[in-house]
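The structure's right below; bear with me while I get my questions together.
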Number of protein chains: 2
Amino acid sequence: MAKKYEQIEKCDCDVIHQDIVNAVKDKMPREETLYDLAELFKVFGDSTRIKILWALDESEMCVCDIAVLLNMTQSAISHQLRVLKQAKLVKSRREGKIVYYSLDDDHVRQIFDHGLTHINEE
Amino acid sequence: MAKKYEQIEKCDCDVIHQDIVNAVKDKMPREETLYDLAELFKVFGDSTRIKILWALDESEMCVCDIAVLLNMTQSAISHQLRVLKQAKLVKSRREGKIVYYSLDDDHVRQIFDHGLTHINEE
DNA sequence: CAAACATATGAACACTTATTCATATGTACA
DNA sequence: TGTACATATGAATAAGTGTTCATATGTTTG
């Protein structure tokens, strides 16, 4: 979504906390880095893609297998695999007419684990 | 988005890979768990919220400070802080008319770190 | 080469979501 | 108590997104 940040009205407490705000501002990573980070998490933010990643963490699978496993259309799975591939989270190899997908990254499980730890803490 | 999964047409390769598909199906976590996990990552999947979390990881801040820091309206920040609070990622304390927000969770930095590791790997 | 199968892709649609605007709520202080 | 400040919130709107449908591409096999 395009965000048209508008200049905000200054408030008084900003003046009081000026030092803190400036210190944080100096430490903030580049705009682009934070944007990329959000884009990555956005890919994890869909239950279909989460399921696909989880499945592929168990075993390499072809598009059709995943579709059957998740009870979804081949087209829907294919579209999502493209998103995952663009995010470099999965890779594919072709064997005849069948295309096998697998995880392209060993961070996936770690990211999952931290997420799970959070939601399990009530 | 509401997903109206439709029954998919069976494919041949599913029959071939039946054992694998069934094995993965047995290991899959509960539907609800994966849904919650996706919901959590969805919260991380917005650059405004990422910036807020990053800022709060540096220092406790009030709504107005964050608005100034990110050059956004107080309203926009307040809306996003609500999302973060509902996800139990931030907590707040009131001191007079000022409400200070801070991280409610020490996983945030770890989740960030893994995300960064991924995007930094080209 | 034709037919069947596996996958990919573009357009359309319904649904979701982030911001803005207006305004309400809560607090301090004169 | 009234005014100013800090924050919260509901409605509206524009932009984004996931699935479906139709169809294209690529591969194997007869």
Side-chain angles (χ1 to χ4, degrees), chain A residues 1-17 21 35 38-39 41-52 61-68 70-87 90 92-101, chain B residues 1-17 35 38-39 41-52 61-68 70-87 90-101:
Chain A
M1 186 169 307
K3 299 174 185 176
K4 320 157 194 158
Y5 301 127
E6 64 175 24
Q7 200 65 28
I8 68 133
E9 65 287 352
K10 269 234 169 189
C11 64
D12 293 0
C13 72
D14 166 50
V15 179
I16 306 171
H17 303 139
V21 172
Y35 182 81
E39 287 303 303
F41 286 124
K42 204 171 285 180
V43 177
F44 283 90
D46 175 79
S47 56
T48 298
R49 289 192 293 265
I50 284 280
K51 287 176 194 166
I52 294 175
M61 294 178 91
C62 71
V63 181
C64 169
D65 288 340
I66 302 172
V68 170
L70 304 185
N71 195 37
M72 293 177 65
T73 62
Q74 172 270 321
S75 179
I77 299 299
S78 190
H79 277 298
Q80 296 300 359
L81 282 170
R82 190 153 71 98
V83 174
L84 291 169
K85 199 169 185 179
Q86 282 171 343
V90 306
S92 63
R93 72 180 174 85
R94 181 178 274 275
E95 197 170 290
K97 55 188 173 186
I98 299 180
V99 178
Y100 290 96
Y101 282 83
Chain B
M1 184 168 307
K3 299 174 186 174
K4 318 157 194 159
Y5 303 126
E6 65 175 24
Q7 199 66 28
I8 69 134
E9 65 286 355
K10 269 236 172 191
C11 63
D12 291 0
C13 72
D14 167 50
V15 179
I16 306 170
H17 302 139
Y35 182 81
E39 287 301 303
F41 287 125
K42 204 171 284 179
V43 177
F44 282 91
D46 175 79
S47 55
T48 298
R49 289 192 292 265
I50 285 280
K51 288 176 195 167
I52 293 174
M61 294 177 90
C62 70
V63 180
C64 169
D65 289 341
I66 301 172
V68 170
L70 303 184
N71 195 39
M72 293 178 67
T73 62
Q74 172 269 320
S75 180
I77 299 299
S78 190
H79 277 297
Q80 296 299 0
L81 282 169
R82 192 152 71 98
V83 174
L84 291 169
K85 198 169 185 180
Q86 281 172 343
V90 306
K91 61 178 186 287
S92 62
R93 71 181 175 84
R94 181 178 274 277
E95 195 169 290
K97 56 187 171 185
I98 299 179
V99 177
Y100 290 95
Y101 281 85

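Excluded from the calculations below are hydrogen atoms, water molecules and symmetry mates; all remaining heavy atoms, backbone and side chain alike, are included. In what follows, chains carry the letters A, B, and so on, assigned in the order in which the sequence lines appear, proteins first and then strands, with residues in each chain numbered from 1.
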So, is B:Thr73 close to the C:dT20 phosphate, meaning a side-chain N or O under 4.0 Å from OP1 or OP2?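 Checking C:dT20 against B:Thr73, a side-chain N or O does come within under 4.0 Å of OP1 or OP2.
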Whether B:Arg49 contacts C:dA18 is assessed here as follows: a side-chain N or O lying under 4.0 Å from the phosphate OP1 or OP2. Is that the case?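 For C:dA18, OP1/OP2 do have a side-chain N/O of B:Arg49 under 4.0 Å.
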First of A:Lys97 and A:Ser75 reached from the 5' end of DNA chain C, by closest nucleotide: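 Its nucleotide being nearer the 5' end, the pick is A:Lys97.
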If you assign A:Arg94 and A:Gln80 each to the DNA chain D nucleotide with the nearest heavy atom, which residue ends up on the more 5' nucleotide?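 So the residue in question is A:Gln80.
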Could you check whether B:Tyr101 gets within reach of a base, just the sugar-phosphate, or nothing at all, counting any heavy atom under 4.0 Å?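 Touches sugar-phosphate only.
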Once the angle between the rings of B:Phe41 and A:Phe44 is folded into 0 to 90°, is it parallel (under 30°), tilted (30 to 60°) or perpendicular (over 60°)?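 Rings of B:Phe41 and A:Phe44: tilted, 30 to 60°.
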Looking only at the side chain of A:Cys64 (C-beta and beyond, no hydrogens), which of the listed nucleotides C:dA18, C:dT7, D:dT20 gets closest?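 Comparing C:dA18, C:dT7, D:dT20 against the side chain of A:Cys64, the answer is C:dT7.
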Minimum heavy-atom distance A:Cys62-A:Tyr100, with the two atoms named: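 Looking at all heavy atoms of both residues, the closest pair is N-CD2, 3.9 Å.
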Counting side-chain heavy atoms from C-beta on, which of D:dT7, C:dT9, C:dT19 comes nearest to A:Arg82?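 Closest nucleotide to the A:Arg82 side chain: C:dT9.
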Under 3.5 Å, is there a donor-acceptor pair between the side chain of B:Arg49 and the main chain of B:Lys42?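 Between the backbone of B:Lys42 and the side chain of B:Arg49 there is a qualifying donor-acceptor contact (under 3.5 Å).
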Over how many whole Å does the gap from A:Arg93 atom CZ to D:dG26 atom P extend?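 Atom CZ in A:Arg93 sits about 20 Å away from atom P in D:dG26.
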Distance-only donor-acceptor test, A:His79 side-chain atoms vs D:dT20 base atoms, 3.5 Å: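 A donor-acceptor contact between them is present.
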Confirm from the modelled atom types if A:Gln74 and C:dA6 form a donor-acceptor pair under 3.5 Å, side chain to base only.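 Donor-acceptor pair under 3.5 Å: no.
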